[in-house]
S.K.: 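For reference, the structure I am asking about is given below.
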2 protein chains.
Amino acid sequence: MNSQACSAVKRIADSTVRRLSVYLRFLEGSTSRGQSTISSEELAKHGGTTSAQVRKDLSFFGSFGKRGLGYAVPELTESLREILGLQRQWNVVIVGAGKIGTALAQYHGFKSRGFNVVAVYDTDARKIGSKWEGHVVRDVASITSDLGERPAEIAVLAVPADVAQAAVDRLVSAGIRAILNFAPVQLQVPGDVALRSVNMAMELESLSFELTNRDR
Amino acid sequence: MNSQACSAVKRIADSTVRRLSVYLRFLEGSTSRGQSTISSEELAKHGGTTSAQVRKDLSFFGSFGKRGLGYAVPELTESLREILGLQRQWNVVIVGAGKIGTALAQYHGFKSRGFNVVAVYDTDARKIGSKWEGHVVRDVASITSDLGERPAEIAVLAVPADVAQAAVDRLVSAGIRAILNFAPVQLQVPGDVALRSVNMAMELESLSFELTNRDR
DNA sequence: CCTACTTTGTGAATGAATTCACAAGCCTGC
DNA sequence: GCAGGCTTGTGAATTCATTCACAAAGTAGG
Ligand SMILES: NC(=O)c1ccc[n+]([C@@H]2O[C@H](COP(=O)([O-])OP(=O)(O)OC[C@H]3O[C@@H](n4cnc5c(N)ncnc54)[C@H](O)[C@@H]3O)[C@@H](O)[C@H]2O)c1
Ligand SMILES: NC(=O)c1ccc[n+]([C@@H]2O[C@H](COP(=O)([O-])OP(=O)(O)OC[C@H]3O[C@@H](n4cnc5c(N)ncnc54)[C@H](O)[C@@H]3O)[C@@H](O)[C@H]2O)c1
């Protein structure tokens, strides 16, 4: 019956972690809305799931609520931030200063959640040296020595698909620990490097499938 | 033992559909690479899964391979396009001409797969009327009558989180059938509207969790 | 202090997705 | 045309995730 975010004793499903992130985002809104306590039922409604799922998700990490009452919003917010590893800052590099890389580099939603963009890289000589929002675009060739001096844990990959694997190999040998990939290819990484991909074409195609097959 | 993409008799898991999309993308590369036949093993290697999974995924829709030989690349490509509903064109509107909306409107990867951006909308008077890449930014107030004249099936939502639900309600009542959401909120839609969300903060937080808890 | 009511936390049950394992089918070479 | 080698297609087994259902624990009000 303790409330500490105990270190995961068994493997936690990715789906659980993603829901925790959704709960956290809603809770941060609730705090500013001045609500002091919240039930699993309410959390579920705004997280697109069920109250049993919410309680099960939380139960993997400890016991955070009061029976008959619900969860204290500030405490649960804090616990979720701790579970997700958001109490520290993460350094992020963006590789590929094209259309999507530029949008991401300027996105304020990253910084406000502890993800600091520390550098932007490209290979295009015309882009190297130019800057926006305080970031000078640097030559990707300097990435290994840069990471040696000022380490970054996470890379956001926004380069064309045909050079994505080469860019990953370079990042991995430079010591990066996690990659968020926007190129529509399946990348190979060593087991100790975390990888997530955002594949927008895949999302659109899954919508296409659903529209096509709704009349089942 | 027929090869037609028969209409789904039982519910197809979303994870299956997403993998089909990945297989298709790799196959399109294989064609240009001049490979005429491919095994489930090879497809699996490049799709980040197992050969049994590939065969099971395909088996929901028919029988596309030759035993002892594998799959004919052009035929399988065609079948996957048919299954995913990609033999037609889809009209797409982008709502929110900000940083991410702009990047998406200019992205060539959509058009090349049959998703045509037919309009871009915003509320900001300074943006309305300006144009890039052939798209004039239109006032979101005209969306209902525009969709009446020239229907679009899919909306890409790239507006701030606090107005996202209102924008969805407007799109739904204008008759949109599917939404790809980039705002980090859980949206409510009627059951007959398809919804996918791309939540980049969630991806980053899931990476943060993995980095934090690798030492389990 | 006791009763009525609420909501959590969690084993057990169910349901869904993946993996196993192998018969069936096709190709090649002799 | 038969043997040997390969690869598909698919039920059965297994693993993983969600939902159920209820005891336990708390609140509130008299
Ligand atoms: N633009 C979008 O909305 C969008 C949407 C979904 C996915 N994507 C994907 O994101 C990736 C980038 O798309 P984009 O539209 O920004 O393309 P882009 O052409 O505008 O930008 C790509 C950038 O990467 C740079 N680059 C090339 N090789 C590099 C390397 N080895 N190292 C570092 N930088 C390198 C290029 O110079 C260019 O500036 C692509 O894989 C694309 O499929 C883009
Ligand atoms: N920029 C990114 O890289 C990024 C990454 C992930 C998620 N997002 C999300 O995407 C959304 C947009 O982000 P952005 O960075 O492009 O913001 P932005 O402020 O650059 O753009 C938002 C645009 O939406 C317009 N808008 C506001 N209300 C509208 C309405 N009711 N109808 C139509 N248009 C409206 C604004 O005028 C503005 O042009 C946000 O929800 C953000 O959290 C952005």
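Here is the naming used below: chain letters follow the sequence lines, and residue numbers restart at 1 for every chain.
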S.K.: Who pairs with B:Q87 by side chain to side chain donor-acceptor pair (under 3.5 Å), at least two apart in sequence or on another chain?
M.R.: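 With sequence neighbours excluded, B:Q87 shows a side chain to side chain donor-acceptor pair (under 3.5 Å) to B:E78, given in chain and number order.
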S.K.: Would you say B:Y71 places a side-chain N or O within less than 4.0 Å of OP1 or OP2 belonging to D:dG9?
M.R.: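 Yes, B:Y71 has a side-chain N/O under 4.0 Å of OP1/OP2 on D:dG9.
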S.K.: Please state how far atom CZ in B:R11 lies from atom P in C:dA16, giving the value in whole angstrom units.
M.R.: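 Rounding to the nearest Å, CZ of B:R11 and P of C:dA16 are 10 Å apart.
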S.K.: A:L58 has an atom CG; how far is it from atom P of C:dT8, in whole Å?
M.R.: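 Going from CG in A:L58 over to P in C:dT8 covers 10 Å.
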S.K.: How close or far is atom C1' of D:dA17 from atom CZ of A:R18, stated in whole angstroms?
M.R.: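 After rounding, the reported distance stands at 15 Å.
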S.K.: Once side chain to side chain contact (heavy atoms under 4.5 Å, CB included) is applied, do any residues pair with A:S39, and if so which ones, sequence neighbours excluded?
M.R.: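 Residues passing side chain to side chain contact (heavy atoms under 4.5 Å, CB included) with A:S39: A:E41, A:E42.
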S.K.: How many Å lie between CD1 on A:I12 and P on D:dC16, as a whole number?
M.R.: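 After rounding, the gap between these two atoms is 13 Å.
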S.K.: With a 4.5 Å cut-off on side-chain heavy atoms, are A:I100 and B:Y107 touching?
M.R.: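 When only atoms from C-beta onward are counted, A:I100 and B:Y107 do not touch, as no gap falls below 4.5 Å.
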S.K.: Send over the distance from B:R67 CZ to C:dA23 P, rounded to a whole Å.
M.R.: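 To the nearest whole Å, that distance equals 12 Å.
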S.K.: If I take atom CG in residue B:D14 and atom P in nucleotide C:dA17, what distance separates them, rounded to the nearest angstrom?
M.R.: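 In whole Å, C:dA17 P lies 9 Å from B:D14 CG.
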S.K.: Listing time: all N or O pairs from protein to nucleotides 18-21 of chain D that are below 3.5 Å?
M.R.:
| unit_1 | atom_1 | unit_2 | atom_2 | d |
| --- | --- | --- | --- | --- |
| D:dT18 | OP1 | A:R19 | NH1 | 3.0 |
| D:dT18 | OP2 | A:R19 | NH2 | 3.0 |
| D:dT18 | O5' | A:Q53 | OE1 | 3.3 |
| D:dA21 | N6 | A:R55 | NH2 | 3.4 |

S.K.: To the nearest Å, give me how far apart CG (B:L69) and C1' (C:dG25) are.
M.R.: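 Atom-to-atom, B:L69 to C:dG25, this comes out as 12 Å.
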S.K.: Using whole Å, what does the distance between atom P of nucleotide C:dG9 and atom CZ of A:F64 come to?
M.R.: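 The distance from CZ of A:F64 to P of C:dG9 comes to 9 Å, rounded to the nearest Å.
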S.K.: Is there a donor-acceptor contact under 3.5 Å from the side chain of B:D122 to the main chain of B:D124?
M.R.: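 Yes, B:D122 side chain to B:D124 backbone: donor-acceptor pair under 3.5 Å.
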S.K.: Listed in order of residue number, which residues of residues 189-199 of chain B have a non-hydrogen atom at under 4.0 Å from DNA chain D?
M.R.: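 By residue number: none to list.
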S.K.: Of the options A:I179, A:N181, A:L157, which is the one that meets A:V95 in a side-chain contact (heavy atoms from CB on, under 4.5 Å)?
M.R.: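 When side-chain contact (heavy atoms from CB on, under 4.5 Å) is applied between A:V95 and each of A:I179, A:N181, A:L157, only A:L157 qualifies.
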S.K.: Taking only residues two or more places apart in sequence, or in another chain, which ones meet B:A178 in a side chain to side chain contact (heavy atoms under 4.5 Å, CB included)?
M.R.: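 In terms of side chain to side chain contact (heavy atoms under 4.5 Å, CB included), with neighbours along the sequence ignored, B:A178 is linked to A:L207, A:L211, B:I154, B:A194.
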S.K.: Classify the ring geometry of A:F61 against B:F209: parallel below 30°, tilted from 30° to 60°, perpendicular beyond 60°.
M.R.: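 Taking B:F209 first and then A:F61, their aromatic rings stand perpendicular (interplane angle over 60°).
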S.K.: Under the side-chain contact (heavy atoms from CB on, under 4.5 Å) rule, what do A:M200 and B:V156 come out as? Steps first, then yes or no, please.
M.R.: CA-CA 11 Å; A:M200 296 180 204; B:V156 171; over 6 Å; no
S.K.: So does B:S40 get a side-chain nitrogen or oxygen closer than 4.0 Å to the phosphate oxygens (OP1/OP2) of D:dT7?
M.R.: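 For D:dT7, OP1/OP2 do not have a side-chain N/O of B:S40 under 4.0 Å.
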S.K.: Taking side chain to side chain contact (heavy atoms under 4.5 Å, CB included) as the definition, give me every residue that meets it alongside A:S208, ordered by chain and number, with sequence neighbours left out.
M.R.: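 So A:S208 forms a side chain to side chain contact (heavy atoms under 4.5 Å, CB included) with A:T212, B:L86, B:W90, B:F115.
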